[in-house]
Number of protein chains: 2
Amino acid sequence: MPHYQNQNPVLVAVDCIIFGYDGESLKLLLIKRAIEPIKDQWSLMGGFIGKNEDLDGAAQRILLELTGLHDVYLEQFHAYGSPDRDPVERTISIAYLALIDINKYSRQINDQYHAEWFKVKEVPQLIFDHDTMVSAAMDKIRHQAALNPILFELLPEKFTIPQLQNLYEQVYDLPIDNRNFVRKINASGMLIKHSEKDKSGSRRGAFYYSLDKAKHNAQFKSFLSLISNS
Amino acid sequence: MPHYQNQNPVLVAVDCIIFGYDGESLKLLLIKRAIEPIKDQWSLMGGFIGKNEDLDGAAQRILLELTGLHDVYLEQFHAYGSPDRDPVERTISIAYLALIDINKYSRQINDQYHAEWFKVKEVPQLIFDHDTMVSAAMDKIRHQAALNPILFELLPEKFTIPQLQNLYEQVYDLPIDNRNFVRKINASGMLIKHSEKDKSGSRRGAFYYSLDKAKHNAQFKSFLSLISNS
DNA sequence: GCAAAAGTGTTCTCTCTACACCCATGG
DNA sequence: CCATGGGTGTAGAGAGAACACTTTTGC
């Protein structure tokens with residue numbers, strides 16, 4: 001097998017910024033680093049790419065290992081490569097953003113990795129440049145969600161409008177006018193109203209909705225500006 | 001120095017998708033691959049990252065080598081890592097998008113790399129996954145230019161409105177209404193009108209404009225939707 | 001009956017879009 | 001004087017923003 005001459009190979013890792021939403025707050029799944037140095041510090045879930053694995057594949061594998069989930073919304077968003085970002089050895093990291101339904105997450109796996117959900121506003125200090133990655137991921141999610149209906153990936157099959165609105169408010173850290181929000185959501189035609197109500201959040205109860213998958217896919221492009229309340 | 005155990009290092013390269021605009025067409029700078037295998041096929045300009053170089057630094061260096069230019073608009077947009085994307089040896093590539101003023105480009109360097117400008121609509125087949133990178137770069141540039149005034153990076157210090165409009169038309173491959181275009185550009189307040197005219201394009205001549213740098217920076221965010229003529 | 005959250009319309013403003021003619025100049 | 005590209009305004013439609021009260025129901 002031929003080789004390129006005089007080049008220095010480095011390690012390539014994938015790190016996943018995993019978002020979840022519990023109906024109240026936007027959260028991030030973090031683990032305690034298992035190896036020395038800086039063992040037991042909070043960290044993103046990551047791993048090195050395998051020999052016959054592409055980048056997306058590695059991200060999927062890593063996500064599966066930590067959460068037990070397949071078919072998750074996963075998007076590569078930036079590569080980090082400062083020479084000294086990992087003090088152990090030169091490592092390039094490709095960062096992926098994942099949006100999961102927090103209810104489908106298997107808690108058992110928690111223990112193996114000492115994983116915990118943190119509110120995005122209360123994320124502890126992380127190892128290496130993971131703090132930078134997290135804020136870049138937040139920017140990315142805001143940018144993406146303003147143009148595409150991706151936040152539904154964070155919700156269960158059935159959800160209520162108040163939940164959805166609160167999710168947008170969490171992501172953008174802004175209050176949103178309820179009447180305008182409902183109008184835009186309905187105008188998009190992506191939601192199906194159910195007849196049952198979720199009674200857990202109030203006495204009156206809020207109707208359940210779910211995504212009309214066909215329309216969701218079709219309209220993925222023309223979903224501009226759910227956001228703009230100042 | 002400690003190491004991670006049982007991992008396999010790979011090569012990491014940076015590839016630059018370099019855009020230019022000659023007043024008529026949007027163009028791409030390509031080189032003939034200098035080494036075997038598939039020597040002399042058209043390729044993006046790229047290179048491996050150096051030992052003490054970060055990714056942005058490598059991209060800057062590579063761009064400098066090929067174009068002789070510093071301080072160029074350069075943006076990382078995607079990492080490519082299929083196991084067999086480079087048949088020689090496993091290589092991850094980080095793709096960067098560059099926008100340069102084609103007039104500042106030093107032609108001498110051409111010969112060393114056998115570089116040539118191609119209209120984006122007439123790009124030849126490229127090695128590896130470089131075709132994919134180019135179309136991803138086109139998507140990225142459209143997306144970015146819809147939100148931010150980045151296309152000015154492609155223009156000389158002084159330019160005319162017809163040139164600018166043509167550039168937008170090239171990028172989006174759409175005709176744009178001239179009166180609406182002028183109104184939006186003026187409303188942005190980013191342009192300074194000069195008293196001289198460019199007489200090269202017509203008998204009447206078109207006024208030169210240049211960027212008001214301060215306002216350009218300030219308004220980089222609030223520049224929405226120069227684009228939308230159907 | 002009351003506390004707490006859900007649900008519902010209208011008006012105004014502003015922005016986007018469509019559209020056609022005169023102007024300046026070099027030859 | 002005429003061919004060529006440059007430059008200019010207006011009216012109508014649609015989208016976004018601001019804004020407050022009534023409904024339901026468990027306790």
Side-chain angles (χ1 to χ4, degrees), chain A residues 23-25 145-147 149 155 158-170 172 174-210 219 221-230, chain B residues 23-25 145-147 149 155 158-170 172 174-210 219 221-230:
Chain A
E24 300 219 324
S25 306
L147 301 174
L155 292 167
K158 293 177 179 181
F159 51 87
T160 67
I161 300 286
Q163 273 170 27
L164 181 64
Q165 178 175 340
N166 178 262
L167 173 54
Y168 274 89
E169 290 175 333
Q170 296 295 317
Y172 291 96
L174 284 175
I176 296 179
D177 180 275
N178 168 255
R179 283 168 290 187
N180 293 336
F181 184 78
V182 170
R183 184 178 327 105
K184 287 180 205 172
I185 286 289
N186 286 332
S188 78
M190 285 186 313
L191 294 195
I192 298 169
K193 187 175 186 171
H194 293 234
S195 45
E196 319 94 83
K197 283 182 165 185
D198 169 22
K199 297 277 204 172
S200 67
S202 69
R203 310 204 190 293
R204 181 179 179 179
F207 284 105
Y208 279 118
Y209 287 77
S210 57
Q219 305 201 349
K221 277 308 187 188
S222 52
F223 186 74
L224 290 235
S225 67
L226 271 171
I227 295 311
S228 64
N229 291 49
S230 57
Chain B
E24 300 219 322
S25 307
L147 301 174
L155 293 167
K158 293 179 181 180
F159 51 87
T160 67
I161 300 286
Q163 273 169 27
L164 181 63
Q165 179 174 340
N166 178 262
L167 172 54
Y168 274 88
E169 291 175 333
Q170 295 294 317
Y172 291 96
L174 285 176
I176 296 178
D177 180 276
N178 168 256
R179 282 170 292 185
N180 293 336
F181 184 77
V182 171
R183 184 177 327 105
K184 287 180 204 171
I185 286 290
N186 286 332
S188 79
M190 286 186 312
L191 293 196
I192 299 169
K193 186 175 186 171
H194 294 235
S195 46
E196 321 94 84
K197 283 183 166 185
D198 169 22
K199 297 276 203 170
S200 67
S202 68
R203 309 203 189 294
R204 182 180 180 179
F207 283 105
Y208 279 117
Y209 287 77
S210 57
Q219 305 201 349
K221 277 306 185 191
S222 53
F223 185 73
L224 290 235
S225 69
L226 271 170
I227 295 312
S228 63
N229 290 51
S230 56

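To find a chain, count down the sequence lines: A is the first, B the second, and so on, and within it residues start at 1.
- In terms of heavy-atom proximity, B:Gln170 sits nearest to B:Ser25 at OE1-CA, 3.9 Å.
- With rounding to whole Å, A:Gln165 atom CD is found 13 Å from C:dT8 atom P.
- Each of B:Ser202 and A:Ser202 was assigned the nucleotide of DNA chain C with the nearest heavy atom; the assignment lying further toward the 5' end belongs to A:Ser202.
- The distance from atom CG of B:Asn178 to atom P of C:dC21 is 16 Å, rounded to the nearest whole Å.
- Computed from coordinates, the A:Ile176 CD1 to D:dG16 P distance equals 14 Å when rounded to whole Å.
- Within the 4.0 Å cut-off from OP1 or OP2 of D:dA17, at least one side-chain nitrogen or oxygen of A:Lys184 is found.
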Distances for protein N or O near nucleotides 10-13 of chain D N or O, under 3.5 Å:
{"residue": "D:dT10", "atom": "O4", "partner": "B:Arg183", "partner atom": "NH2", "Å": "2.8"}

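- For the pair A:Phe159 CZ and C:dA6 P, the interatomic distance rounds to 15 Å; values are reported in whole Å.
- A:Arg179 CZ to A:Lys184 NZ: the interatomic distance, rounded to the nearest 0.5 Å, is 13.5 Å.
- For B:Arg204, the side-chain hydrogen bond (donor to acceptor under 3.5 Å, both in side chains) test picks out no residue, with sequence neighbours left out.
- Applying the side chain to side chain contact (heavy atoms under 4.5 Å, CB included) criterion to B:Lys199, with sequence neighbours excluded, gives no partner residue.
- Here CD1 of B:Ile161 is found 6.5 Å from CZ of B:Phe181. Values are rounded to the nearest 0.5 Å.
- When rounded to the nearest whole Å, the span between CZ of B:Phe207 and C1' of D:dT8 equals 13 Å.
- As rounded to whole Å, 15 Å separates atom C1' of C:dG7 from atom CD1 of A:Ile185.
- The heavy-atom pair separating B:Ser202 from B:Gly205 by the smallest distance is OG-N, 3.0 Å.
- Considering every non-hydrogen atom in both B:Ile176 and B:Glu169, the closest pair reads N-OE2, 2.9 Å.
- Taking the centre and axis of the six-membered ring of B:Tyr209, the NZ or CZ atom of B:Lys193 falls outside the cone set by 45° and 6.0 Å.
- Rounded to 10 degrees, the angle separating the terminal helix axes of the helix from C:dG1-D:dC27 to C:dG27-D:dC1, each built from five base pairs, is 0°.
- The nearest whole Å value for the distance from the CD1 atom in B:Ile161 to the P atom in C:dC23 is 21 Å.
- Taking CD1 of B:Ile185 as the reference point, atom CG of B:Leu164 lies at 5.0 Å (rounded to 0.5 Å).
- A:Thr160 contributes atom OG1, which lies 12.5 Å from atom CD of A:Glu196 (distance to the nearest 0.5 angstrom).
- Heavy atoms only, all atoms of each residue included: B:Asp177 and B:Gln165 are closest at C-NE2, 4.2 Å.
- Non-hydrogen atoms lying under 4.0 Å from DNA chain D are contributed by A:Lys199, all within residues 191-199 of chain A.
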Any protein N or O atoms within reach of nucleotides 21-23 of chain D? Criterion: under 3.5 Å, listing atom names and distances.
{"residue": "D:dT23", "atom": "O2", "partner": "A:Arg204", "partner atom": "NH1", "Å": "2.5"}

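- With the nearest nucleotide of DNA chain C identified for both A:Arg203 and A:Val182, A:Arg203 has the one nearer the 5' end.
- Taking NE2 from A:His194 and CZ from A:Phe159, the interatomic distance works out to 8.0 Å, rounded to the nearest 0.5 Å.
- The distance from the OG atom of A:Ser195 to the OH atom of A:Tyr208 is 12.0 Å, given to the nearest 0.5 Å.
- When the P atom of C:dC16 is taken as reference, atom CZ of B:Arg179 falls 17 Å away, rounded to whole Å.
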